[in-house]
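Here is the structure we will look at, set down as structure tokens.
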Amino acid sequence: MLQVPFIRENKELVIERLAKRNMDASQMIANVIELDEDRRSIQTQLDNTLAESNTISKEIGMLFKKGEVDQANALKAKTTDLKEASKSLSEQLTTKTDALNELLYKIPNIPHESVPSGNSEEENEEVFREGDIPELNQDALPHWELTKKYDIIDFELGSKITGAGFPVYKGKGARLQRALIQYFLDRNSEVGYEEIIPPFLINTDSGFGTGQLPDKEGQMYEIANNVSNETLYLIPTSEVPVTNIYRDAMLSDTQLPIKHTAYSPCFRREAGSYGKDVRGLNRLHQFEKVEIVRVEKPEDSYQALDEMVNHVKSILKELKLPYRILRLCGGDLGFTSALTYDFEVFSTAQDRWLEISSVSNFETFQANRLKLRFKNSEGKKELAHTLNGSALALPRVLAGILENYQTEKGIKVPEVLIPYTGFSIID
RNA sequence: GGAGAAAUGGCAGAGUGGUCGAAUGCGGCAGUCUUGAAAACUGUUGAGGGUCACACCUCCGGGGGUUCGAAUCCCUCUUUCUCCGCCA
């Protein structure tokens, strides 16, 4: 959520930057400013009314102490009108505040100046590419054929147990999956990310904190909570519970930066997709991911973003997978993000790029909702910046490994993973 | 699942209807002393809204109520603790 004072003072900049997302925000921004002015004016009226009735109440107290009951009772009568006035004013205030918030929830984050304009993923900007695309045999298979051939992931079995998009990993497939999780966590820990195992269900406050709610309930599975009657959601990413650790937090500047890594299953409804996009491991309702999350001082956050990008690069380099990095254009940028780099691994047998990581700086957009602040070196309170990235999402990395490492004799295991798998080939 | 107790500022912990946004201690910050540090002493120190700045308003787990007036009384929800039961 954007900060109203910032919008007020930087109206033109906000409209101009939001235009990168192909939206004309001028009307929304004008409405925000107007609603905020109304809100403040009502607030002032209400404050004055309350001040008056507070004064009277104090007088009444004094009169009772002195034993002047008649005078006290006379004053009581005066408060009736004030009470009605303040009741009506506070109702108006609630209405305005709700309207303002509802509007603010609909305004996405302001893109960073380096974000290219553009409508769709076609206009994302490739900023880096590394790794050789292997020459595969004529009879090279896409991963959904390989998983069947070697019996390592069973999609039909998952459909039987749950439904489409809930695969069952078997034998060496399960082992390879676990090896990847362990390897990612180890690599992240090595460079200072503290490991977290968060809850896999979140409440609505947490959903609001990181921006999944309101409006994006559609991506999450809802769970009825019999205990408290509050709706819970299966996490779409561990970003949500991990970032929400710092909801309503006042940190000292010596606590920053905060660096966490977390493994979790992720659950996404992903309605409306079909065909090659959802084939095999390309898109699932349940998948595994290792995430990195950072809380930073504003002046450090873009350096932190670079560090995260370089860290993910180093992992992909070790895995010897061909990949590229895209800077997302305004039209493809997530609602809460100011700048996002997507990592894509080349799926040789499908002849297409698959997104395996997304690394973003949210600046203060999440922190403002979360009320995540810190005291800077001058003792002043400031909103922190939040960032996160996948390091990494499992299914498509697995797809990339299976397809790129296939040989006539079987699928080789990337060297760095062999200590974790305990085998070097799937055959 | 049953019975009881509790929830107050960064932390601990007073406060049961009226100068209480809240004593006190710890912690933090500033100063004195010191070559420097520690100790000691002195001062200062909750959050949000609002204002050029004051004033002023709101907040004592969340929501609702009683009252001229609520941290304090009532209702309700949540959470925590103790005891019993059950249990991976």
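So that the names make sense, note that chain A is the first sequence line, chain B the second, and so on, each numbered from 1. Only heavy atoms go into these numbers, but all of them, side chains included; no hydrogens, no water, no symmetry mates.
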Quick one: does [X]'s side chain have a donor or acceptor within less than 3.5 Å of a partner on [Y]'s backbone?
X	Y	value
A:R327	A:Y341	no
A:K20	A:E113	yes
A:R294	A:L387	no

When the distance from [atom1] of [X] to [atom2] of [N] is rounded to whole Å, what number comes out?
X	N	atom1	atom2	result
A:Q45	B:G50	CD	P	15 Å
A:E52	B:C68	CD	C1'	13 Å
A:L93	B:G50	CG	C1'	12 Å
A:L100	B:G48	CG	C1'	15 Å
A:R40	B:G48	CZ	P	17 Å
A:Q3	B:G48	CD	C1'	14 Å
A:I56	B:U19	CD1	P	17 Å

With [atom1] as the reference atom in both, quote the distance from [N] to [M] in angstrom, rounded to an integer.
N	M	atom1	result
B:C56	B:A22	P	13 Å
B:A71	B:U8	C1'	7 Å
B:G69	B:U58	P	12 Å
B:U82	B:G13	P	15 Å
B:C57	B:G50	C1'	8 Å
B:G1	B:G9	P	30 Å
B:U42	B:C59	P	36 Å
B:G2	B:U76	P	16 Å

Assigned partner base of [N], Watson-Crick or wobble definition, under 3.5 Å:
N	result
B:A23	none
B:U82	B:A3
B:A71	none
B:C59	B:G46
B:G31	B:C41

Counting side-chain heavy atoms from C-beta on, which of B:C57, B:C68, B:G50 comes nearest to A:A51? B:C57
Please pick, from B:U51, B:G48, B:G18, the nucleotide with the shortest atom-to-atom distance to any side-chain atom of A:I60.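 In terms of side-chain proximity for A:I60, the closest of B:U51, B:G48, B:G18 is B:G18.
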By a strict heavy-atom criterion of less than 4.0 Å, which residues belonging to residues 78-90 of chain A are in contact with RNA chain B? A:T79, A:K83
Side-chain donor-acceptor pair under 3.5 Å between [X] and [Y], yes or no?
X	Y	value
A:E296	A:H385	no
A:Y302	A:E363	yes
A:S238	A:E291	no
A:S53	A:K83	no
A:R396	A:S347	no

Can you name the side-chain contact (heavy atoms from CB on, under 4.5 Å) partners of [X], sequence neighbours left out?
X	answer
A:K87	A:E91
A:R21	A:L18, A:M23, A:P108, A:N109, A:P111, A:L333
A:S41	A:Q45

Using a cutoff of under 3.5 Å, can you pull out all pairs of nitrogen or oxygen atoms linking the protein to nucleotides 70-72 of chain B, with atom names and distances?
none

Has A:K172 got its NZ or CZ under 6.0 Å from the middle of the six-membered ring of A:Y150, at an angle within 45 degrees of the ring axis?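 Here A:K172 fails the 6.0 Å and 45° test against A:Y150.
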OP1 or OP2 of B:G49 less than 4.0 angstrom from a side-chain nitrogen or oxygen of A:R39, does that happen here?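 Checking B:G49 against A:R39, no side-chain N or O comes under 4.0 Å of OP1 or OP2.
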Between A:E239 and A:Q366, is a side-chain hydrogen bond (donor to acceptor under 3.5 Å, both in side chains) present by the stated rule, with each step listed? CA-CA 11 Å; A:E239 164 202 345; A:Q366 289 183 329; 2.9 Å; yes
Can you name the atoms? Protein N/O to nucleotides 58-60 of chain B N/O, anything below 3.5 Å, with the distance.
none

Starting at the 5' end of RNA chain B, which residue's closest nucleotide do you reach first, A:M62 or A:T44? A:M62
